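Have a look at the structure below before the remarks.
All figures in this text were calculated on a predicted structure; none of them were measured in a lab. Basis for what follows: all heavy atoms, side chains included, without hydrogens, waters or symmetry-related copies. Each chain gets a letter, A, B and so on, in the order the sequences are listed, and its residues count up from 1.
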Amino acid sequence: MPELPEVETVVRGLRAEVVGRRFVSVELLRGDRFRPDGQALVAGLLHRQAVAARRLGKVFFLDLDDDLTLTGHLRMTGQFRVQDPLIERAPHTHLILGLDDGRELRWRDARRFGWLHLGATADSSALPEVVKLGADALAMPREAFLEALRGSRRAIKALLLAQDIVAGVGNIYADEILHRAGVNPRQASDTLSPARARKVHEAMLGILEAAIAASGSSVSQYVDVSGEAGSFQQSHRVYGRAGQRCAKCASAIVREVIASRGTYYCPHCQRLR
DNA sequence: GTCGATGTTATCAA
DNA sequence: TTTGATAACATCGA
């Protein structure tokens, strides 16, 4: 489901709704995607207070008192919701944290690709899923980005998706970024002119910031912690629009599999060079 | 009912 | 080095 803008929206929601709250109860319904294990989360989270929320790429961190941190990844369908206990629990709800204001923080994940990890705050950045991340897409200096592009012969789309190079861009935003930059997704990364590489970087920042301002994209069932859908899907120029007219040139958007992912682009304004 | 695709990523083979 | 296939799993639409 979620890429950097959606994770950022969730983190902001946690900051607004959960930080400052204490967990007064913990209910585990299914713990097979939790580390060290479900019981460790139950025991470790009970009576803790959330003190901060942050993220790196698509990985989020909920810092707690006692120098603990709940780290996690939504992968495809992971979801945090803050809800009244009277509201019926959605299917695939796996963990429920009772908050000291009477509400509940609920974690659900239909496909169960997502994960949560509880450990010392100091160790949270040493998790294998975190250590291997490249620079956050919003914080990566332009020069470092250009250098990364020059250093690889892979298709530019694959580069944008490589979390060890630049963290946070996923399939939707990679396509939107390349369309805004006018770059073909198959273009070998090291063959981009400096000017075009700069355009890709500029488009990456522009698209991600605009998507955050719109609270992310809801193409299927993504919602933030308050249950609100994002609205950036209304601004998608290529993603999911095969057969429709390009907003720039009116050519038909096509869909092809590139870098093993469904890829949408305009063959006219995103020519291979 | 079947098939293919889905916003993610780890792993393994070529 | 890089790519592609496969796997994890559930749901939705054709």
Side-chain angles (χ1 to χ4, degrees), chain A residues 1-11 29-35 55-60 71-80 90-94 107-117 127-134 136-137 148-179 185-191 207-208 211-212 214-224 229-243 254-264:
Chain A
M1 162 197 341
E3 305 180 27
L4 184 153
E6 291 74 34
V7 178
E8 175 65 24
T9 300
V10 167
V11 163
L29 291 88
R30 177 161 195 159
D32 54 339
R33 293 291 288 162
F34 299 158
R35 290 177 288 160
R55 65 152 193 90
L56 176 61
K58 304 172 192 173
V59 175
F60 57 83
T71 306
H73 198 304
L74 305 168
R75 289 288 192 102
M76 292 288 268
T77 53
Q79 195 173 91
F80 271 126
H92 308 294
T93 296
H94 301 140
W107 167 261
R108 63 184 291 235
D109 184 9
R111 293 177 72 176
R112 303 207 307 279
F113 295 166
W115 53 266
L116 294 177
H117 170 274
L127 290 177
E129 295 91 339
V130 178
V131 163
K132 74 158 84 71
L133 292 179
D136 186 83
L149 294 204
R150 285 197 301 270
S152 172
R153 304 165 67 171
R154 302 162 72 183
I156 180 65
K157 164 128 182 182
L159 254 284
L160 290 177
L161 292 178
Q163 302 300 300
D164 56 346
I165 303 287
V166 53
V169 177
N171 202 38
I172 292 179
Y173 294 109
D175 285 3
E176 294 300 322
I177 288 163
L178 291 174
H179 179 259
R186 292 189 198 275
Q187 187 79 43
S189 172
D190 63 351
T191 64
I207 291 281
L208 294 177
I212 290 171
S215 301
S217 302
S218 294
V219 317
S220 155
Q221 40 115 301
Y222 164 79
V223 290
D224 67 14
S231 62
F232 196 70
Q233 67 280 2
Q234 295 166 17
S235 302
H236 291 175
R237 295 286 186 256
V238 288
Y239 183 81
R241 304 182 79 91
V254 301
R255 178 191 183 277
E256 292 172 16
V257 174
I258 300 173
S260 304
R261 308 296 299 278
T263 299
Y264 301 86

I'd like to know if the side chain of [X] reaches the main chain of [Y], judged simply by a donor and an acceptor atom lying under 3.5 Å from each other, with no hydrogens or angles considered.
{"X": "A:Ser215", "Y": "A:Gly230", "answer": "no"}
{"X": "A:Gln163", "Y": "A:Gly168", "answer": "yes"}
{"X": "A:Asp109", "Y": "A:His94", "answer": "no"}
{"X": "A:Glu176", "Y": "A:Ala174", "answer": "no"}
{"X": "A:Glu3", "Y": "A:Tyr173", "answer": "yes"}
{"X": "A:Arg33", "Y": "A:Arg112", "answer": "yes"}
{"X": "A:Thr93", "Y": "A:Arg108", "answer": "no"}
{"X": "A:Arg154", "Y": "A:Ile156", "answer": "no"}

Counted 5' to 3', the first and last nucleotides of DNA chain C within 4.0 Å (strictly under) of a heavy-atom of chain A are C:dT2 to C:dT11

Between [atom2] on [N] and [atom1] on [X], what's the gap in Å once rounded to a whole number?
{"X": "A:Ile172", "N": "B:dT6", "atom1": "CD1", "atom2": "C1'", "value": "10 Å"}
{"X": "A:Asp164", "N": "B:dT8", "atom1": "CG", "atom2": "P", "value": "15 Å"}
{"X": "A:Trp115", "N": "B:dT9", "atom1": "CH2", "atom2": "C1'", "value": "11 Å"}
{"X": "A:Asp175", "N": "B:dT8", "atom1": "CG", "atom2": "P", "value": "11 Å"}
{"X": "A:Arg111", "N": "B:dG4", "atom1": "CZ", "atom2": "C1'", "value": "12 Å"}
{"X": "A:Arg112", "N": "B:dT9", "atom1": "CZ", "atom2": "P", "value": "19 Å"}
{"X": "A:Tyr173", "N": "B:dT6", "atom1": "OH", "atom2": "C1'", "value": "15 Å"}
{"X": "A:Leu133", "N": "B:dT8", "atom1": "CG", "atom2": "P", "value": "13 Å"}

Which whole number of Å gives the distance between the [atom1] atom of [N] and that of [M]?
{"N": "B:dT8", "M": "C:dT1", "atom1": "P", "value": "25 Å"}
{"N": "C:dG4", "M": "B:dA5", "atom1": "P", "value": "16 Å"}
{"N": "C:dA8", "M": "B:dG1", "atom1": "P", "value": "23 Å"}

With both pairing distances under 3.5 angstrom for Watson-Crick or G-U wobble, and | for a partner in another strand, the correct string for DNA chain C is .|||||||.|||||

request  = Just say parallel, tilted or perpendicular for the rings of A:Phe60 and A:Phe80, cut-offs at 30° and 60°.
outcome  =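 If you compare the ring of A:Phe60 with that of A:Phe80, the planes turn out perpendicular.
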
- Message: Just to be sure I understand the rule, does A:Arg255 reach a base, reach only the sugar-phosphate, or reach nothing, if contact means heavy atoms closer than 4.0 Å?
- Response: sugar-phosphate

| said: Once you apply a heavy-atom cut-off of 4.0 Å, does A:Tyr239 come out as touching a base, just sugar-phosphate, or nothing? | reply: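 If one applies the 4.0 Å heavy-atom cut-off, A:Tyr239 turns out to touch the sugar-phosphate alone, with no base involved.
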
Next item on the list: Identify, between A:Gly262 and A:His73, the residue whose nearest nucleotide on DNA chain B lies closer to the 5' end.
Entry: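 Going by which nucleotide is closer to the 5' end, it is A:Gly262.
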
Check: Between B:dT8, B:dA10, B:dA5, which one does the side chain of A:Asn171 approach most closely?
Finding: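 Of the options given, the side chain of A:Asn171 lies nearest B:dT8.
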
Would you say A:Lys132 reaches B:dA10's phosphate, i.e. side-chain N/O to OP1/OP2 under 4.0 Å?
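Yes, within the criterion.
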
### Salt bridge present between A:Lys157 and A:Glu256 (N-O < 4.0 angstrom)
no

